Chemist: 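This structure is in structure tokens; I'll ask about it shortly.
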Amino acid sequence: SLSLFPHLYNGPKEGWQVYSSAQDPDGRCICTVVAPEQNLCSRDAKSRQLRQLLEKVQNMSQSIEVLNLRTQRDFQYVLKMETQMKGLKAKFRQIEDDRKTLMTKHFQELKEKMDELLPLIPVLEQYKTDAKLITQFKEEIRNLSAVLTGIQEEIGAYDYEELHQRVLSLETRLRDCMKKLTCGKLMKITGPVTVKTSGTRFGAWMTDPLASEKNNRVWYMDSYTNNKIVREYKSIADFVSGAESRTYNLPFKWAGTNHVVYNGSLYFNKYQSNIIIKYSFDMGRVLAQRSLEYAGFHNVYPYTWGGFSDIDLMADEIGLWAVYATNQNAGNIVISQLNQDTLEVMKSWSTGYPKRSAGESFMICGTLYVTNSHLTGAKVYYSYSTKTSTYEYTDIPFHNQYFHISMLDYNARDRALYAWNNGHQVLFNVTLFHIIKTEDDT
């Protein structure tokens with residue numbers, strides 16, 4: 001199972017992210033790899049701050065230790081002085097009682113000295129209190145130092161350079177492993193994730209599977225007929241917020257909702273015809289157009305929901321495809337691989353599945369997967385492999401959350417299904433069964 005379109009949804013900024021997993025033919029899990037996101041090394045700044053804090057605490061601890069030694073030494077002197085003062089006070093009281101027998105001069109001198117010493121008594125009491133606080137402070141510093149050291153040992157086992165090298169090594173091993181993944185067989189569909197609610201009941205939205213990782217433009221085509229306006233958004237976030245970056249006015253109206261953007265160009269079925277148009281977004285003009293020979297159009301062989309969905313254009317890991325039906329094949333589905341530049345049919349496969357009985361269909365790794373309905377309860381019911389020219393009946397359910405699907409297309413870059421679900425733009429995740437290529441495989 002591959003992660004759910006990671007470039008579309010940002011996960012937590014800290015932690016680990018599952019990139020890919022696979023199975024060998026015996027069902028064993030192979031090449032399950034996790035790696036942190038590239039910006040995770042921000043943790044190093046926190047480690048550096050922690051080390052600086054720990055150094056400050058250690059410096060404070062040393063200063064407190066010196067202060068404590070001095071305080072203890074002075075405290076012993078103060079205690080001795082306090083005892084002497086208390087004795088002097090008692091003696092003074094005795095002398096005061098006998099003052100009549102002493103000379104007035106000597107008594108007055110002694111009393112003045114005692115008056116000078118009396119204010120020191122509360123100072124000495126405060127000194128003893130401060131000494132206790134210093135002892136407590138010293139203990140707290142010791143505890144804090146132990147905690148910080150423990151935290152540093154927990155998160156700072158590796159310095160930045162070592163951690164960075166480990167991440168780079170892991171990413172290299174991951175990419176080497178990913179290269180050994182061949183195309184997979186569809187096992188499960190999960191979701192959907194509702195990205196946006198907009199438009200009419202019918203429409204199409206898509207991204208380019210051949211775009212770079214940083215290019216996440218979204219194209220939006222509302223309705224299945226009587227329209228030729230394509231809206232472009234720079235990202236999923238802009239699409240959700242409605243911030244259009246550009247609008248294209250196509251030279252022809254389109255038919256249906258089964259368009260595809262592939263390698264920077266839009267491929268669509270021209271209204272009321274079996275002509276396929278290739279339109280370049282960058283150049284803003286038609287680069288090629290060609291009739292799809294014998295293909296039914298204008299609701300002759302649509303999907304179950306109608307909507308001029310006779311010709312379905314799609315792309316997968318192998319290339320560009322057209323799915324349609326002909327009278328020659330008795331209205332059953334025909335699969336044709338197209339040249340993306342000239343739109344010529346390079347090869348075709350005739351299936352035995354009636355086009356009018358199909359809800360929607362999509363290609364993954366050269367295999368066509370057909371749903372049995374566009375309504376609630378739909379499932380992937382039939383598949384046809386162009387590699388082996390064989391078919392099989394399947395039972396892969398998926399959640400038709402909003403009850404009516406008018407577009408369902410696979411995006412090989414995102415490993416996801418884009419769908420238009422009754423005025424809601426949604427995404428499904430797919431789980432593929434992979435075969436691992438070995439060095440001996442040719």
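Note that the structure is a prediction, hence the values are computed from the model and not measured.
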Chemist: Passes side chain to side chain contact (heavy atoms under 4.5 Å, CB included), M221 versus N227? Steps please.
Modeler: CA-CA 8 Å; M221 302 169 69; N227 196 355; over 6 Å; no

Chemist: Of Y267, W349, Y410, which is the lone residue that meets ring pair (Phe, Tyr, Trp, His ring centres under 6.0 Å) with W321?
Modeler: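 That would be W349.
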
Chemist: Taking only distance into account, with no hydrogens and no angle test, what donor-acceptor pairs under 3.5 Å do side-chain atoms of residues 359-369 form with protein atoms, sequence neighbours excluded?
Modeler:
from: E360; atom 1: OE1; to: N258; atom 2: ND2; distance (Å): 3.4
from: E360; atom 1: OE2; to: W305; atom 2: NE1; distance (Å): 3.2
from: S361; atom 1: OG; to: Y303; atom 2: OH; distance (Å): 2.6
from: Y369; atom 1: OH; to: L186; atom 2: N; distance (Å): 3.1

Chemist: For K196, look at atom NZ and say whether over 12 heavy atoms of other residues, nucleotides or ligands are found less than 6.0 Å away.
Modeler: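 Counting neighbours around NZ of K196, more than 12 heavy atoms of other residues, nucleotides or ligands fall under 6.0 Å, so yes.
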
Chemist: What about F398 and F428, are their ring centers closer than 6.0 Å?
Modeler: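 Yes; F428 has its ring centre under 6.0 Å from that of F398.
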
Chemist: Can you sort out the partners of N411 under side chain to side chain contact (heavy atoms under 4.5 Å, CB included), two or more places apart, ordered by chain and number?
Modeler: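 Partners of N411 under the side chain to side chain contact (heavy atoms under 4.5 Å, CB included) test: T207, P209, R413, D414, Y418.
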
Chemist: With T304, which residues qualify under side chain to side chain contact (heavy atoms under 4.5 Å, CB included), at least two apart?
Modeler: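 Per chain and number, T304 pairs via side chain to side chain contact (heavy atoms under 4.5 Å, CB included) with H374.
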
Chemist: Return yes if some donor-acceptor pair links the side-chain N/O of T257 with the main-chain N/O of S406 below 3.5 Å, else return no.
Modeler: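 Flag set: sc T257 to bb S406 pair under 3.5 Å.
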
Chemist: Can you list everything that forms a side chain to side chain donor-acceptor pair (under 3.5 Å) with D310? Sequence neighbours excluded, please.
Modeler: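 With neighbours one apart ignored, the set is empty.
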
Chemist: If you compare all heavy atoms of L313 against all heavy atoms of N269, which two are closest, and at what distance to 0.1 Å?
Modeler: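 For L313 and N269, the tightest heavy-atom pair comes out as CD1-N, 4.2 Å.
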
Chemist: Which pair of heavy atoms, one from S245 and one from K234, lies closest together, and at what distance?
Modeler: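 For S245 and K234, the tightest heavy-atom pair comes out as CB-CG, 3.6 Å.
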
Chemist: Going by the rule ring pair (Phe, Tyr, Trp, His ring centres under 6.0 Å), which residues pair with F297 if we only count those two or more places apart in sequence or in a different chain?
Modeler: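 Not a single residue meets the ring pair (Phe, Tyr, Trp, His ring centres under 6.0 Å) criterion with F297.
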
Chemist: Only counting residues at least two apart or in another chain, list the ones meeting side chain to side chain contact (heavy atoms under 4.5 Å, CB included) with A295.
Modeler: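 Side chain to side chain contact (heavy atoms under 4.5 Å, CB included) check on A295 returns N274, L292, I311, Y324.
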
Chemist: Side chains of V286 and Y279: closer than 4.5 Å at any heavy-atom pair?
Modeler: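 A side-chain contact exists here, since the closest heavy-atom pair is under 4.5 Å.
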
Chemist: Do the non-hydrogen side-chain atoms of I236 and N216 ever get within less than 4.5 Å of each other?
Modeler: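 No, their side chains stay 4.5 Å or more apart.
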
Chemist: Less than 6.0 Å separating the ring centroids of F202 and H404?
Modeler: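 Centroid separation for F202 and H404: below 6.0 Å.
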
Chemist: I'd like to know whether the aromatic ring centres of Y382 and Y391 sit less than 6.0 Å apart in this structure.
Modeler: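 Yes, the ring of Y382 comes within the 6.0 Å limit of the ring of Y391, centre to centre.
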
Chemist: For W254, enumerate each residue passing the ring pair (Phe, Tyr, Trp, His ring centres under 6.0 Å) test, keeping only those at least two apart in sequence or located in another chain.
Modeler: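 For W254, the residues satisfying ring pair (Phe, Tyr, Trp, His ring centres under 6.0 Å) (neighbours in sequence not counted) are H259.
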
Chemist: So, using side chain to side chain donor-acceptor pair (under 3.5 Å) as the criterion, who are the partners of T190 when residues are at least two apart?
Modeler: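 So T190 forms no side chain to side chain donor-acceptor pair (under 3.5 Å) with any residue.
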
Chemist: N299 and S309: which non-hydrogen atoms are nearest, and at how many Å?
Modeler: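 Between these two residues, the closest heavy atoms are OD1-N, 4.2 Å.
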
Chemist: Are K355 and Y301 in a cation-pi setup, meaning NZ or CZ lies under 6.0 angstrom from the ring centre and within 45 degrees of the ring axis?
Modeler: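 The answer is no, since K355 fails at least one limit relative to Y301.
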
Chemist: In the structure I gave you, are the side-chain heavy atoms of I189 and N429 within less than 4.5 Å of one another anywhere?
Modeler: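 I189 vs N429: side chains apart.
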
Chemist: For D282, enumerate each residue passing the salt bridge (charged side-chain N to carboxylate O under 4.0 Å, His left out) test, keeping only those at least two apart in sequence or located in another chain.
Modeler: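 Salt bridge (charged side-chain N to carboxylate O under 4.0 Å, His left out) list for D282, sorted by chain: empty.
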
Chemist: Is a side-chain N or O of K379 found less than 3.5 angstrom from the main chain of N372, in a donor-acceptor match?
Modeler: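 A pair under 3.5 Å: no.
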
Chemist: My understanding is that only residues two or more places apart in sequence, or in another chain, count here; which of them pass side chain to side chain contact (heavy atoms under 4.5 Å, CB included) with R231?
Modeler: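 R231: side chain to side chain contact (heavy atoms under 4.5 Å, CB included) contacts with Y220, I229, Y233, E244, T247.
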
Chemist: Residues in ring pair (Phe, Tyr, Trp, His ring centres under 6.0 Å) with Y381, at least two apart?
Modeler: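 For Y381 the ring pair (Phe, Tyr, Trp, His ring centres under 6.0 Å) partners, ignoring immediate neighbours, are Y393.
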
Chemist: Only counting residues at least two apart or in another chain, list the ones meeting ring pair (Phe, Tyr, Trp, His ring centres under 6.0 Å) with Y248.
Modeler: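 Counting only residues at least two positions away or on another chain, Y248 forms a ring pair (Phe, Tyr, Trp, His ring centres under 6.0 Å) with F281.
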
